[in-house]
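To start, the structure itself, in structure tokens.
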Amino acid sequence: MNSNKSNQLEFTNNWFDINAKIIWENFLPQFKPKKVLEIGSYEGASTCFLIKSLSSCLDEFEIHSIDPWQGSKYNGRDIDMSLVESRFRENTSHQINNSKKNVNLVIHKSSSINALSKLIVERKSGYFDFIYIDGSHMAIDVISDAVLSFELLRIGGIIGFDDYLWKLQGSNNIVTNPKIAIDSFTNIFSTRIKILRGPNHQQYVQKIN
């Protein structure tokens, strides 16, 4: 992967630019979510974009970032996740310092199931406006993230799923992919959500009741 520095932000990949950036450029200024939760933060590309974009349309906002910064089957065990976490913290600190708005960034260094459960225990049910799920791509983790996130989402809020069509290289087992979990969630919760139009590689749903 090539390292790319711009305005003191350092990212070693362009995953966010390819998958979500163009959608968020149109979506965020219109929806203006004041309370955002992201599962899977990596180096902070999505977090930094949220800070920059929401700073242009809101005076204050809150972002919760969940990531254990540990290795996984799909991002390679040879990656030094301590360096990834350091880049996340440096990138987001720089972006917050450049914002003239009140940015409350809450970092949860934890597995998503533990962090989401803790937020529910802390009475954050119905709290968030926008939740972006881009953590573990294993189906068992994606379905847990989806169900717990739905509890934390307010009515009218939106959940975005990244990598809808992603497949684990070298595996033909459908439970190693996000799609079966996302499809299961949208089918089971079909009476409580509205599926929004979007690209094939992502899925966005709105909570209607």
Side-chain angles (χ1 to χ4, degrees), residues 1-72 74-112 114-116 119 127-137 145 149 158-163 166 198-199 201-202 204:
M1 288 181 285
N2 295 324
S3 181
N4 176 27
K5 278 192 176 184
S6 176
N7 297 324
Q8 298 183 36
L9 297 179
E10 182 181 2
F11 305 114
T12 61
N13 62 70
N14 60 351
W15 299 332
F16 174 75
D17 290 348
I18 293 173
N19 293 334
K21 184 177 180 182
I22 191 170
I23 302 167
W24 290 19
E25 283 175 337
N26 296 317
F27 158 69
L28 290 174
Q30 296 180 36
F31 190 59
K32 300 178 182 178
K34 293 183 177 180
K35 297 171 182 175
V36 179
L37 170 65
E38 62 170 3
I39 301 169
S41 301
Y42 204 62
E43 296 172 327
S46 58
T47 321
C48 288
F49 187 86
L50 283 165
I51 294 167
K52 182 177 180 180
S53 180
L54 295 179
S55 292
S56 68
C57 59
L58 295 171
D59 291 328
E60 60 181 7
F61 51 91
E62 181 178 336
I63 301 172
H64 289 248
S65 296
I66 299 174
D67 202 307
W69 285 287
Q70 296 176 347
S72 70
Y74 65 89
N75 67 14
R77 294 185 181 277
D78 57 337
I79 296 175
D80 188 337
M81 294 303 289
S82 64
L83 294 179
V84 173
E85 180 185 358
S86 294
R87 282 193 290 273
F88 168 85
R89 293 181 183 274
E90 291 169 5
N91 287 333
T92 53
S93 292
H94 174 73
Q95 198 69 53
I96 289 172
N97 290 336
N98 279 349
S99 174
K100 296 180 180 179
K101 304 301 177 64
N102 183 11
V103 182
N104 181 14
L105 175 62
V106 183
I107 300 171
H108 305 262
K109 186 177 179 180
S110 168
S111 66
S112 57
N114 286 339
L116 295 170
L119 285 168
Y127 185 79
F128 292 97
D129 303 306
F130 176 48
I131 299 176
Y132 188 57
I133 299 178
D134 186 23
S136 166
H137 287 18
D145 289 346
S149 292
I158 293 173
I159 293 179
F161 295 92
D162 190 28
D163 291 325
W166 182 92
H201 61 275
Q202 291 196 322
Y204 289 82

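All values reported here derive from a predicted model rather than from experimental measurement.
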Is there side-chain contact between [X] and [Y], with heavy atoms separated by less than 4.5 Å?
| X | Y | value |
| --- | --- | --- |
| F128 | L119 | yes |
| F27 | I158 | yes |
| R87 | T12 | yes |
| N19 | H201 | yes |
| N13 | E43 | yes |
| L9 | C48 | yes |
| K109 | F88 | no |
| I23 | Y204 | yes |

Would you be so kind as to tabulate the donor-acceptor pairs closer than 3.5 Å made by side chains of residues 28-37, with sequence neighbours excluded?
{"unit_1": "Q30", "atom_1": "NE2", "unit_2": "N26", "atom_2": "O", "d": "3.1"}

Please round to the nearest 0.5 Å and tell me the distance separating atom [atom1] of [X] and atom [atom2] of [Y].
| X | Y | atom1 | atom2 | result |
| --- | --- | --- | --- | --- |
| I39 | D145 | CD1 | CG | 4.0 Å |
| L105 | S99 | CG | OG | 11.5 Å |
| E38 | I63 | CD | CD1 | 7.0 Å |
| D59 | K101 | CG | NZ | 5.0 Å |
| I107 | H64 | CD1 | NE2 | 11.0 Å |
| F61 | N102 | CZ | CG | 8.5 Å |

| message | As a quick check of understanding, evaluate side chain to side chain contact (heavy atoms under 4.5 Å, CB included) for D67 and V84, giving each step before the final call. | response | CA-CA 11 Å; D67 202 307; V84 173; over 6 Å; no
| With distance as the sole test, does S56 use its side chain to make a donor-acceptor pair with the main-chain N or O of S53 at under 3.5 Å? |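 Side chain of S56 to backbone of S53, a donor-acceptor pair under 3.5 Å: yes, one is there.
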Least distance between heavy atoms, [X] atom then [Y] atom:
| X | Y | answer |
| --- | --- | --- |
| I131 | S149 | CD1-O, 3.3 Å |
| S112 | I66 | CA-CG2, 3.8 Å |
| H137 | W166 | CD2-CD2, 3.4 Å |

| task | Report the C-alpha separation of Q95 and V103 in whole Å, then their side-chain angles, then the decisive distance to 0.1 Å, and conclude whether the side chain to side chain contact (heavy atoms under 4.5 Å, CB included) test is met. | result | CA-CA 10 Å; Q95 198 69 53; V103 182; over 6 Å; no
| field | Over 12 non-hydrogen atoms of neighbours within 6.0 angstrom of CD in E25 | value | yes
| Is the number of heavy atoms from other residues, nucleotides or ligands under 6.0 Å of I22 CD1 greater than 12? | no
| query | Once the angle between the rings of F130 and W24 is folded into 0 to 90°, is it parallel (under 30°), tilted (30 to 60°) or perpendicular (over 60°)? | reply | perpendicular
| task | Can you spot which of N97, N98, T92 makes a side-chain hydrogen bond (donor to acceptor under 3.5 Å, both in side chains) with H94? | result | N98
| task | Identify, with sequence neighbours excluded, every residue that meets ring pair (Phe, Tyr, Trp, His ring centres under 6.0 Å) alongside F49. | result | F16
